[in-house]
Amino acid sequence: MAIISTAGLARTFQTNSGPVEAVRGVDLTVQPGEILGFLGPNGAGKTTTLRMLTTLLPPTGGAATVAGCDLVRDPAGVRCRAGYVAQSGGIDPTVSVREELVTQGRLYRLTKAEAAARTEELAKDLDLTDLLDRKAGALSGGQRRRLDIAMGLMHRPEVLFLDEPTTGLDPGSRADLWDLVRRLRDEHGTTVFLTTHYLDEADELSDRLVIVDKGVVVAEGTPAALKERYAGSADATLQDAFLAITGRGPAPVDTTPVAV
Amino acid sequence: MSPFLSDTALIFGRYARQTLRSRFQIFFGTLMPLLHLLFFGPLLTDMPLSSQGDSWQVLVPGLLLQLGLFGASFAGFAVIIEKNHGVVERMRVTPVSRLALLLGRVLRDAALFVFQAVLLVLAALVMGLRAPLGGVLIGFAFVALLSVSLASLSYALALKVRTPQEFGPAINALAMPSMLLSGLMLPMTLAPGWLDVLSHLMPFRYQVDAVRDAYTGEYATTTMLHGVLVAVGLAALSVTVGTGVFRRAGA
Ligand SMILES: Nc1ncnc2c1ncn2[C@@H]1O[C@H](COP(=O)(O)OP(=O)(O)O)[C@@H](O)[C@H]1O
Ligand SMILES: [Mg+2]
């Protein structure tokens, strides 16, 4: 059974310059233990979709369930079972790493002792142990992102939503983060729903891709299937497929018929 | 402990630690009322401000509420910074009680401003204030309620605006006239009729009059009753509004 499923999920913002249809009806399903890449250009509606799926933003249309809980009827259930790491993280730079992690555990209703133990465990797992007594503001970009993710994992969520987890990281830190995401899935069976606008990341990391543009799903499938269908060959780059799908940028490269 | 109480204690602890890290934040709020006490108070000593009580018993209650008014209405600044760091959304995504997200913060504010009020009253005692202990304690309770009310509204407004540059002028534009129209510096009974009528539209007018009664040992008056009703009503309304905004923040 799907661990995330949405039907016609939509969100329109009312602004001074008129309504903005950020998400216009997204249908998708995610299987337990899957790493789903939610790919789309800036402004496609990725963050808005994630904010709805994590109960931060009420949908203006459609419905969704996350880990068996209905988004609108049981937001508390969703909050207990899902973790969210926003694009901007959500750490107070003046607070120590340990205090942020323990407080986060307590917000998820762990006892003091459980929160302290889980902090040590995650710090070990995510290579933060030596940084626990530093101020969060003193961490490097990669260390900071690992802390953000540790915050989202405090309560051992079944589903982890990551919004552009590697934006702004150097290549080494990006590769480390990819390993971490794979490890989460392989060792804990966590379902990971991650947004990105990096094609290489989507290609490398995702079991399956959902491509959104202008608030709707325009294509979905494994990276190989998308390349084959839209760029003509499983050896094509995802860039070619992406351009063919969104119609943005240069026309799809001239592909020779699928060679064996 | 129920989840709501432990959530509130958790949020209170987080922000109390934040305050304790900053001496500036702890003491700065006392500066303006202290200056009024030192340089404005002595001007009033021989003036017939009120039929009962001397000028200190009239001025100090006003300065206490001034402290709460200016301190608490700027409380939202901190939440704008937190919102820009994503801290507010990060907390809202957890199962934590939305009421606790607000109450933990405003109880820290109430504690801070009552602490500053104690310092102010100690200074006033040195300057010559004499008032019954019960009245002084009632005054602190009014400071606490006013802080809860205004800090709640301040957080609600702060979650709605985008930048501190929008927030500061808006608060100043509201706080200054509120102070003048409530008769915090001098009692409105001295005012011409139209100003007195206008000031009855300000909730703080009832609160300061009640504290002035308390400072002269008059506890069972209709002024006191009105003051208590307005203070409690305003706090309940503000906490409801503030919690609603934490529930829907950023939508
Ligand atoms: N709070 C908001 N108010 C108004 N418009 C918004 C709001 N949040 C997002 N939008 C608009 O919705 C669209 C999708 O935004 P977003 O979901 O952030 O895209 P992405 O994450 O894919 O870059 C954009 O046009 C954006 O300007
Ligand atoms: Mg985004």
Subject >> Part of A:Gln14 lying under 4.5 Å from any heavy atom of chain B >> reply: neither

Original post:
Between B:Ser147 and B:Val106, is any pair of side-chain heavy atoms under 4.5 Å apart?
Top reply: no

**OP:** Would you check if the side chain of A:Arg118 reaches a backbone N or O of A:Leu153 as a donor-acceptor pair within less than 3.5 Å?
**Re:** yes

Original post:
Is there a side-chain contact between A:Leu147 and A:Ile91 (heavy atoms, below 4.5 Å)?
Top reply: yes

Original post:
Which of residues 166-176 of chain B have a heavy atom under 4.5 Å from any heavy atom of chain A?
Top reply: none

Subject >> For chain A, which residues of residues 60-85 of chain B have heavy atoms nearer than 4.5 angstrom >> reply: B:His85

Subject >> A:Arg11 side-chain N/O to A:Pro59 backbone N/O, donor-acceptor pair under 3.5 Å >> reply: no

**OP:** Could you tell me which portion of A:Met151 (side chain, backbone, both or neither) has an atom closer than 4.5 angstrom to a non-hydrogen atom of chain B?
**Re:** side chain

**OP:** Specify which of B:Val87, B:Asp7, B:Val93 makes the most heavy-atom pairs with chain A at under 4.5 Å.
**Re:** B:Val93

Original post:
Would you call B:Thr94 and A:Met154 a side-chain contact if the rule is heavy atoms closer than 4.5 Å?
Top reply: no

Original post:
So, are A:Glu99 and B:Arg17 salt-bridged, with charged N and O less than 4.0 Å apart?
Top reply: yes

Subject >> Residues which pass salt bridge (Lys or Arg N to Asp or Glu O under 4.0 Å) with A:Arg145, listed by chain and number, not counting sequence neighbours >> reply: A:Asp148

**OP:** Would you please go through residues 102-116 of chain A and name the residues with a non-hydrogen atom below 4.5 Å from one of chain B, in numerical order?
**Re:** A:Thr103, A:Gln104, A:Arg106, A:Leu107, A:Tyr108, A:Arg109

**OP:** Decide, yes or no, whether a salt bridge links A:Lys124 with A:Glu121 under the criterion of side-chain N to carboxylate O below 4.0 Å.
**Re:** no

**OP:** Going by the side-chain contact (heavy atoms from CB on, under 4.5 Å) test, name the single residue among B:Val143, B:Leu34, B:Leu129 that passes it with B:Leu120.
**Re:** B:Leu34

Original post:
Does a side-chain heavy-atom distance below 4.5 Å link A:Glu158 with A:Thr191?
Top reply: no

Original post:
Closest heavy-atom contact between B:Val148 and B:Ala110?
Top reply: CG2-CB, 4.0 Å

Original post:
Given side chains that start at C-beta, do those of B:Leu229 and B:Tyr206 come closer than 4.5 Å, heavy atoms only?
Top reply: no

Original post:
Would A:Arg51 and A:Asp163 pass as an ion pair if we require N to O under 4.0 Å?
Top reply: no

Original post:
Quick one: are the ring centres of A:Tyr84 and A:Phe161 less than 6.0 Å apart?
Top reply: no

